[in-house]
Asker: 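Sharing a structure with you now.
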Amino acid sequence: MTIPTYNKVHPTAKDMKDHKVWDDIECLESEFFHGKKAFNCPEVVPAGVEDDFCLPKDCPERLPQKKYPSANTAFPPKEFEEIRECIERANELLLALAVGGDDDEAGEEADETNARALQQSLRSLRELFVTVHFSCKAKKEKISGCFIDAGLDFIIIENAETGNISIIPTTRILSIQYDKKVEATAQQLEQELLTINPCLRRNLTFHFGETVTKSPFLINLFFGLNLSMFLESYVGYYCYVKTDIDKYELDGTLEMVKENFMSISKYGEKFGIDFDVVCVIELEE
């Protein structure tokens with residue numbers, strides 16, 4: 001309550017204008033409203049003044065209270081940390097698998113972002129022995145081997161049975177199994193460029209575009225490779241292709257790669273294959 005307001009409510013307060021204590025209150029109030037200093041409660045308040053503010057004589061003492069930190073989990077610290085990391089990985093995977101919006105352009109941008117997020121999540125499995133379950137011809141099949149790398153829309157496995165490189169589109173993957181006890185090995189690979197050659201580090205710093213475009217590995221690391229870009233480096237290699245529509249596995253020399261199409265040749269005969277029907281591609285060592 002300000003002084004003018006108080007005077008309207010209590011006209012008798014005018015008689016107190018000459019009172020030194022009341023002058024002190026007005027002075028303090030004036031300084032407070034003009035921003036000269038912080039307002040503080042006066043030491044003495046005249047009798048009859050309504051107690052509508054923090055008055056010293058009526059302010060209750062604040063009793064000291066012990067403060068105890070509230071536990072945010074009932075799990076032991078080590079187990080809680082493992083659960084937290086698991087939840088973070090699950091959230092990252094859910095974000096990576098999120099569906100784009102209704103708008104076509106927004107949906108395309110979201111799909112690109114999701115593909116990159118999924119790639120980065122899958123790359124944490126590099127150098128681990130994994131078993132990949134994938135769908136082909138409405139059946140569940142599997143490949144076991146060392147997880148080599150992941151692109152925007154595919155993963156690369158060193159097949160334990162044949163020793164060749166197997167490429168599986170991510171749209172075909174049903175599950176990936178691996179030994180979680182050795183997952184720390186993959187975590188050590190997060191900072192891949194910490195120990196690179198000084199000359200390469202300099203080239204990346206001053207000639208980034210020119211240097212990265214010369215290496216499929218660096219393109220995949222910084223931006224992500226799609227399947228067609230990856231296969232372009234293997235034109236001329238002998239490959240085996242399993243599809244949804246062909247009764248038997250196709251094999252031949254990889255002759256040509258386009259955005260969503262590849263062709264192989266064998267004994268002078270050419271076979272065109274759409275990526276949409278590809279289950280797995282195996283490149284011969």
Side-chain angles (χ1 to χ4, degrees), residues 88-89 91-93 95-101 103-128 146-158 164-173 185-239 241 253-264 273-276 278 280-285:
E88 287 182 356
R89 288 197 301 271
N91 286 336
E92 289 176 1
L93 185 58
L95 288 172
L97 297 175
V99 179
D103 183 75
D104 290 341
E105 293 185 3
E108 288 179 5
E109 291 179 2
D111 289 342
E112 291 178 3
T113 303
N114 297 339
R116 181 61 172 162
L118 179 59
Q119 178 203 13
Q120 292 174 330
S121 177
L122 290 172
R123 294 191 83 231
S124 66
L125 301 178
R126 284 168 299 155
E127 295 193 7
L128 297 183
C146 180
F147 195 103
I148 302 298
D149 209 341
L152 290 173
D153 55 358
F154 65 96
I155 62 172
I156 307 170
I157 305 294
E158 184 178 353
N164 294 332
I165 297 299
S166 294
I167 304 161
I168 307 172
T170 51
T171 53
R172 296 283 177 176
I173 298 174
T185 305
Q187 294 174 353
Q188 296 171 359
L189 299 174
E190 291 180 356
Q191 302 294 333
E192 300 174 66
L193 302 181
L194 288 179
T195 57
I196 60 175
N197 183 287
C199 294
L200 175 58
R201 189 184 304 280
R202 179 179 178 82
N203 285 333
L204 285 173
T205 304
F206 296 105
H207 310 285
F208 180 82
E210 181 182 349
T211 304
V212 170
T213 53
K214 292 180 180 178
S215 168
F217 168 78
L218 291 176
I219 295 176
N220 193 45
L221 177 64
F222 288 107
F223 306 107
L225 279 174
N226 57 36
L227 182 56
S228 60
M229 294 175 66
F230 174 77
L231 288 177
E232 284 179 358
S233 300
Y234 291 90
V235 171
Y237 278 64
Y238 202 84
C239 64
V241 184
T253 301
L254 181 59
E255 189 172 86
M256 182 265 293
V257 179
K258 290 187 177 180
E259 184 176 355
N260 197 38
F261 178 84
M262 62 183 287
S263 68
I264 60 176
I273 307 168
D274 288 328
F275 287 163
D276 293 338
V278 170
V280 60
I281 301 171
E282 186 168 318
L283 297 170
E284 194 170 82
E285 185 68 24

Asker: For a quick test of reading the model, state the closest non-hydrogen atom pair linking Asp153 to Leu227 and the distance between them.
Answerer: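 Taking every non-hydrogen atom into account, OD1-N, 2.9 Å.
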Asker: With a 3.5 Å distance limit and no angle check, can you tell me whether Asp149 reaches the backbone of Arg126 through a side-chain donor-acceptor pair?
Answerer: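 No; zero donor-acceptor contacts below 3.5 Å.
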Asker: Can you tell me how far apart CD1 (Ile281) and OG (Ser166) are? Round to the nearest 0.5 Å.
Answerer: 10.0 Å
Asker: Considering non-hydrogen atoms only, spot the tightest contact between Leu283 and Cys239 and give its length.
Answerer: CD2-CB, 3.8 Å
Asker: Over 60° means perpendicular and under 30° means parallel, so tell me whether Tyr234 and Tyr237 are parallel, tilted or perpendicular.
Answerer: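 The rings of Tyr234 and Tyr237 stand perpendicular, inter-plane angle above 60°.
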Asker: I need the minimum non-hydrogen distance between Pro169 and Val278, along with the two atoms involved.
Answerer: CG-O, 3.7 Å
Asker: Let me confirm one number: the OG1-CD distance from Thr253 to Glu284, rounded to the nearest 0.5 Å.
Answerer: 9.5 Å
Asker: Determine yes or no for a side-chain-to-main-chain donor-acceptor pair under 3.5 angstrom, with Asn203 supplying the side chain and Thr211 the backbone.
Answerer: no
Asker: When rounded to the nearest 0.5 angstrom, what distance separates CE in Met229 from CD in Glu259?
Answerer: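 Answer rounded to 0.5 Å: 11.0 Å.
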Asker: Can you check whether Phe154's main-chain N or O pairs, donor with acceptor, with Arg172's side chain at less than 3.5 Å?
Answerer: no
Asker: Is a donor on one side and an acceptor on the other found under 3.5 Å between the side chain of Asp274 and the backbone of Asp276?
Answerer: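 Such a contact is absent between Asp274 side chain and Asp276 backbone.
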Asker: Assess whether atom CZ of Arg201 is packed by more than 12 heavy atoms of other residues, nucleotides or ligands within 6.0 Å.
Answerer: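 Count over threshold, so yes.
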Asker: Looking at every non-hydrogen atom in both residues, tell me the closest pair between Val241 and Met262 and how far apart they are.
Answerer: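 For Val241 versus Met262, the nearest heavy atoms are CG2-CE, 4.0 Å.
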Asker: Closest heavy-atom contact between Ser228 and Asn226?
Answerer: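 Nearest pair, atom of Ser228 first, then Asn226: OG-OD1, 2.9 Å.
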Asker: Got a second to check how far Tyr238's OH is from Glu282's CD, nearest 0.5 Å?
Answerer: 12.0 Å
Asker: Mind running side chain to side chain contact (heavy atoms under 4.5 Å, CB included) on Ile156 and Phe230 for me, showing each step along the way?
Answerer: CA-CA 10 Å; Ile156 307 170; Phe230 174 77; 3.6 Å; yes
Asker: Could you state the interatomic distance from CD (Gln119) to CD1 (Ile155), rounded to the nearest 0.5 Å?
Answerer: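 Gln119 atom CD to Ile155 atom CD1 measures 12.0 Å (nearest 0.5 Å).
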Asker: Indicate whether the side chain of Gln120 and that of Arg123 have a donor and an acceptor atom separated by less than 3.5 Å.
Answerer: no
Asker: Atom CD of residue position Glu88 - does it have more than 12 heavy atoms of other residues, nucleotides or ligands inside 6.0 Å?
Answerer: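 Counting neighbours around CD of Glu88, more than 12 heavy atoms of other residues, nucleotides or ligands fall under 6.0 Å, so yes.
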Asker: Could you walk me through whether Ile167 and Leu231 pass the side chain to side chain contact (heavy atoms under 4.5 Å, CB included) check?
Answerer: CA-CA 10 Å; Ile167 304 161; Leu231 288 177; 3.9 Å; yes
Asker: Aromatic ring centroids of Phe261 and Phe275 under 6.0 Å?
Answerer: no
Asker: To the nearest 0.5 Å, tell me how far Ile165 CD1 sits from Cys146 SG.
Answerer: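 Answer rounded to 0.5 Å: 9.0 Å.
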Asker: Taking atom types as modelled and ignoring hydrogens, do the side chains of Glu158 and Asn164 form a donor-acceptor contact shorter than 3.5 angstrom?
Answerer: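 Checked: Glu158/Asn164 side chains show no N/O donor-acceptor pair below 3.5 Å.
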Asker: What closest approach, in Å, do Gly151 and Asn220 show between heavy atoms, and which atom pair accounts for it?
Answerer: CA-OD1, 3.6 Å
Asker: State, yes or no, whether a side-chain contact exists between Leu225 and Leu152 at a heavy-atom distance under 4.5 Å.
Answerer: no
Asker: Has the side chain of Ser215 got a donor or acceptor atom that lies under 3.5 Å from a matching backbone atom of Val212?
Answerer: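 It does not hold such a pair.
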